[in-house]
Amino acid sequence: MSIDLSIIWFVIIVFATLMYIVMDGFDLGIGILFPFTRNTQERDVMVNSVAPVWDGNETWLVLGGAGLFGAFPLAYAVIIDALTIPLSLMLVGLIFRGVAFEFRFNATPSHRPFWDSAFMGGSILATFCQGVVVGAVINGFEVTGRAYSGGAFDWLTPFTLFCGVGLTIAYALLGATWLVMKSEATLQRSMKRNARGLLLALLAVIAIISLWTPLQHTAIAQRWFSLPNLYYLLPVPALVLMASALLWRHLARAESHAQPFILTLILVFLGFSGLGISIWPAIIPPSITLRQAAAPAQSQEFMLIGALFIIPIILVYTFWSYYVFRGKVPQNEGYH
């Protein structure tokens with residue numbers, strides 16, 4: 001029985017992408033939430049809650065991109081060609097945000113508002129562009145032979161822009177529930193209130209996308225609503241509703257700290273699962289599958305050796321950094 005390297009690499013890339021969404025999601029969410037508080041000390045606590053781990057979170061983005069490049073070069077080439085503009089803007093946002101992250105702590109009081117705005121703007125731009133990319137992947141790409149044949153702005157549609165807004169709300173909810181877990185007193189209470197509003201907004205986004213996508217794509221409608229698929233896939237929306245109800249309940253409890261963040265992670269995982277169900281087995285929707293886009297088996301085997309070595313190291317480093325900096329972040333905490 002031969003090993004299907006394409007499936008193994010697909011699992012690795014999906015895992016890296018999900019880890020990035022989860023970890024850099026609440027990280028970016030901190031910047032998105034800056035307009036919700038004007039208090040300088042509270043903003044310092046917000047940034048300090050992710051200061052020890054934020055740069056390591058983006059390791060998963062590099063791993064996912066490198067894996068896609070090596071294991072599925074056709075998919076990488078098409079996606080980079082089709083989404084050059086939003087991906088470039090995303091990188092600009094991440095770079096500008098990273099610079100602002102470091103500079104705001106060393107800035108003079110008169111310059112601090114500028115770097116706060118830069119941190120917020122970079123976070124929003126990077127997140128919005130990631131959402132646009134997700135929407136573009138759902139819409140699919142025009143491919144002729146082994147090359148992208150669409151236009152430079154085919155990604156710019158009402159659906160992709162709405163996905164950008166939706167992901168911004170999702171990351172903001174991740175950031176808010178992260179701060180519920182990491183902060184205390186006034187900031188924690190404020191984030192619980194904000195999280196309830198963001199949860200309602202996210203549920204509205206999920207409902208709209210869940211209707212918009214099958215109405216726009218017949219194949220996706222067939223995947224979700226044909227029998228017996230409907231029975232098999234019904235647990236996904238049911239679990240979304242259950243997790244949302246539990247999240248709402250925990251946000252109303254003063255003693256709940258980690259539970260809201262865990263439940264938000266479950267919501268993100270369910271949303272990511274819905275995306276995978278909609279496009280499987282295509283890696284370049286609507287028609288190019290994993291095996292059609294895959295690199296030669298020898299290349300995938302060579303890369304897999306390196307991946308099996310480096311992924312455990314990343315996991316250990318990630319676990320250790322979060323373990324060391326566990327617990328609440330006090331207001332007098334210095335920048336790490």
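Predicted model, so just to flag it, every value in this text is computed and none were measured.
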Taking it one step at a time, do Ile124 and Met120 satisfy side chain to side chain contact (heavy atoms under 4.5 Å, CB included)?
CA-CA 6 Å; Ile124 293 173; Met120 177 182 64; 3.9 Å; yes
Just verifying a value: how many Å separate Leu267 CG and Leu202 CG, rounded to the nearest 0.5 Å?
6.5 Å
Sequence neighbours excluded, every pair satisfying side-chain hydrogen bond (donor to acceptor under 3.5 Å, both in side chains) that has a member inside residues 112-131
Tyr20-Gln130, Arg43-Asp116, Asp44-Arg112, Arg97-Ser123, Arg104-Asp116, Gln130-Tyr171
Looking at CH2 of Trp155 and SG of Cys163, how far apart are the two atoms once the value is rounded to the nearest 0.5 Å?
13.0 Å
Test your reading of the model: is there a side-chain donor-acceptor pair from Thr160 to the backbone of Ala136, 3.5 Å cut-off?
no
Transitively linked via ILVMFWY side-chain contacts under 4.5 Å: Leu156 with Leu87?
yes
Quick one: side chain to side chain contact (heavy atoms under 4.5 Å, CB included) partners of Ala195, sequence neighbours excluded?
Leu173, Ala176, Thr177, Leu251
Could you report the tightest heavy-atom contact between Phe141 and Ala82, atom names first, then the distance?
CD2-CB, 3.5 Å
So the side-chain hydrogen bond (donor to acceptor under 3.5 Å, both in side chains) pairs with at least one residue in residues 62-89 (sequence neighbours excluded) are none
Rounded to the nearest 0.5 Å, what's the gap from CZ on Arg189 to OG on Ser183? Could you check?
10.0 Å
Heavy-atom count around Phe103 CZ within 6.0 Å, excluding the residue itself: above 12?
no
Thr186 backbone acceptor or donor facing Ser190 side chain under 3.5 Å:
no
Heavy-atom pair with the smallest gap, counting every atom of Val132 and Pro86
CG1-CB, 4.2 Å
Please list, chain by chain and in numerical order, all residues satisfying side chain to side chain donor-acceptor pair (under 3.5 Å) with Ser49, sequence neighbours excluded.
Trp178
Under 3.5 Å: donor-acceptor pair, side chain of Tyr148, backbone of Gly151
yes
Determine yes or no for a side-chain-to-main-chain donor-acceptor pair under 3.5 angstrom, with Arg291 supplying the side chain and Ser6 the backbone.
no
Drop me the distance from Met46's CE to Asn48's CG, to the nearest 0.5 angstrom.
11.5 Å
Please list all pairs meeting salt bridge (Lys or Arg N to Asp or Glu O under 4.0 Å) that have one or both residues in residues 149-175, counting only residues at least two apart or in different chains.
none
Hphob cluster co-occupancy, Ile21 + Leu91, side-chain heavy atoms under 4.5 angstrom:
yes
Ring pair (Phe, Tyr, Trp, His ring centres under 6.0 Å) against Trp248, all qualifying residues, sequence neighbours excluded
none
Between Leu18 and Trp60, is the side chain to side chain contact (heavy atoms under 4.5 Å, CB included) condition met? List the steps.
CA-CA 9 Å; Leu18 184 59; Trp60 297 104; over 6 Å; no
Could you tell me which non-hydrogen atom of Ile277 sits nearest to which non-hydrogen atom of Arg223, and how far apart they are?
O-NH1, 2.5 Å
Specify the closest pair of heavy atoms between Phe96 and Ala118, including all atoms of both residues, with the distance to one decimal.
CE2-CB, 3.4 Å
Can you list, pair by pair, the side-chain donor-acceptor contacts under 3.5 Å of residues 293-314, counting residues two or more places apart and other chains?
| unit_1 | atom_1 | unit_2 | atom_2 | d |
| --- | --- | --- | --- | --- |
| Gln300 | NE2 | Ala71 | O | 3.2 |

Apply side chain to side chain contact (heavy atoms under 4.5 Å, CB included) to Leu161 and Thr157, showing your working.
CA-CA 6 Å; Leu161 296 178; Thr157 67; over 6 Å; no
Between atom CG of Leu275 and atom CD1 of Ile220, what is the distance when rounded to the nearest 0.5 Å?
8.5 Å
Report whether Val134 and Phe153 are members of the same hydrophobic cluster (ILVMFWY, side-chain heavy atoms less than 4.5 Å apart, transitive linking).
yes
Applying the 4.5 Å side-chain criterion to the ILVMFWY set and letting contacts propagate, would Phe114 and Phe119 be lumped into a single cluster?
no
Return the set of residues passing side chain to side chain contact (heavy atoms under 4.5 Å, CB included) with Leu265 (not counting sequence neighbours), or none when no residue passes.
Val22, Leu174, Phe261
Counting only heavy atoms not in Phe159, do more than 12 sit closer than 6.0 Å to its CZ atom?
yes
Which donor-acceptor pairs under 3.5 Å do the side chains of residues 28-37 make with protein atoms, sequence neighbours left out?
| unit_1 | atom_1 | unit_2 | atom_2 | d |
| --- | --- | --- | --- | --- |
| Thr37 | OG1 | Asn39 | N | 3.4 |
| Thr37 | OG1 | Glu42 | OE1 | 2.9 |

Across all chains, not counting sequence neighbours, the ring pair (Phe, Tyr, Trp, His ring centres under 6.0 Å) partners of Trp9 are none
Just one of Leu290, Ile79, Ile288 clears the side-chain contact (heavy atoms from CB on, under 4.5 Å) bar with Phe72, so which one?
Leu290
Taking only residues at least two apart or on different chains, which pairs with a member in residues 312-324 satisfy side-chain hydrogen bond (donor to acceptor under 3.5 Å, both in side chains)?
Asn57-Tyr322
Residues Met19, Leu315; criterion side chain to side chain contact (heavy atoms under 4.5 Å, CB included); working and verdict:
CA-CA 10 Å; Met19 290 293 284; Leu315 286 171; 4.3 Å; yes
Heavy atoms only: give me the nearest Ala152-Ile85 pair and the separation to one decimal.
O-CD1, 3.9 Å
Nearest heavy-atom contact between Lys192 and His250 is NZ-O, 4.3 Å
For the CG atom of Leu241 and the CG atom of Leu246, what is their distance to the nearest 0.5 Å?
11.0 Å
In this structure, would Val240 and Leu211 fall into the same cluster of hydrophobic residues linked by side-chain contacts under 4.5 Å?
no
Answer whether the closest heavy-atom distance between the side chains of Pro285 and Ile138 falls below 4.5 Å.
no
Under the rule for side chain to side chain contact (heavy atoms under 4.5 Å, CB included), what residues qualify as partners of Val205, not counting sequence neighbours?
Phe162, Ile169, Ile209
